[in-house]
Amino acid sequence: ELTYLVLRELRLLAETTELTMGRPIETATITVPSGWSDERQTDTKRAAIAAGIANVDLIREPYAALLSIGPDKFINPDRDRNLVVVDFGG
């Protein structure tokens with residue numbers, strides 16, 4: 001229920017943003033803790049849909065951290081590299 005309430009408020013914010021931008025927001029991406037079970041992820045997705053967010057993608061937080069940094073900064077097609085993302089939680 002708490003997730004639903006938070007997501008409902010985000011949906012209201014998104015509606016204001018849509019009016020400002022003059023176009024709809026078509027997809028929402030929600031980060032979830034890496035330790036969450038499939039059931040908790042499904043519950044989160046259901047709460048988002050109940051809150052009016054129709055197209056929802058869930059990604060785990062470590063992957064979101066990588067995306068925020070920009071993997072292109074670490075990837076060089078001329079050279080193989082390994083990249084480690086550590087999730088300390090909290």
Side-chain angles (χ1 to χ4, degrees):
E1 290 179 23
L2 180 60
T3 301
Y4 163 78
L5 293 173
V6 170
L7 292 172
R8 187 181 67 184
E9 289 300 315
L10 288 175
R11 179 64 204 148
L12 293 174
L13 178 62
E15 288 173 3
T16 302
T17 303
E18 288 173 338
L19 290 173
T20 302
M21 291 179 10
R23 62 181 185 178
I25 296 174
E26 298 174 357
T27 304
T29 302
I30 299 172
T31 62
V32 295
S34 58
W36 272 19
S37 66
D38 290 341
E39 181 181 0
R40 289 189 78 176
Q41 291 181 58
T42 300
D43 290 344
T44 300
K45 200 166 195 171
R46 284 186 187 145
I49 292 168
I53 303 170
N55 298 318
V56 180
D57 293 321
L58 299 180
I59 60 174
R60 297 187 185 275
E61 290 172 344
Y63 183 65
L66 172 64
L67 291 176
S68 72
I69 294 169
D72 57 314
K73 293 178 184 174
F74 301 101
I75 298 171
N76 181 340
D78 299 326
R79 189 170 135 199
D80 288 337
R81 285 191 166 174
N82 293 323
L83 178 66
V84 176
V85 176
V86 179
D87 180 10
F88 291 109

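Excluded from the calculations below are hydrogen atoms, water molecules and symmetry mates; all remaining heavy atoms, backbone and side chain alike, are included.
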(Q) Strictly below 4.0 Å, N to O, side chains only: are R46 and E39 in salt-bridge contact? (A) no
Q | Shared-cluster residues of L5, by chain and number - hydrophobic side chains joined below 4.5 Å | A | Y4
Please round to the nearest 0.5 Å and tell me the distance separating atom [atom1] of [X] and atom [atom2] of [Y].
{"X": "R23", "Y": "T17", "atom1": "CZ", "atom2": "OG1", "answer": "11.0 Å"}
{"X": "I59", "Y": "S34", "atom1": "CD1", "atom2": "OG", "answer": "12.0 Å"}
{"X": "L7", "Y": "I53", "atom1": "CG", "atom2": "CD1", "answer": "5.0 Å"}
{"X": "L58", "Y": "R40", "atom1": "CG", "atom2": "CZ", "answer": "12.5 Å"}
{"X": "R8", "Y": "L10", "atom1": "CZ", "atom2": "CG", "answer": "11.5 Å"}

Q.
Any non-hydrogen side-chain atom of D57 less than 4.5 Å from a side-chain atom of I30?
A. no
Q) Less than 4.5 Å apart, any side-chain heavy atom of T44 and any of W36? A) yes
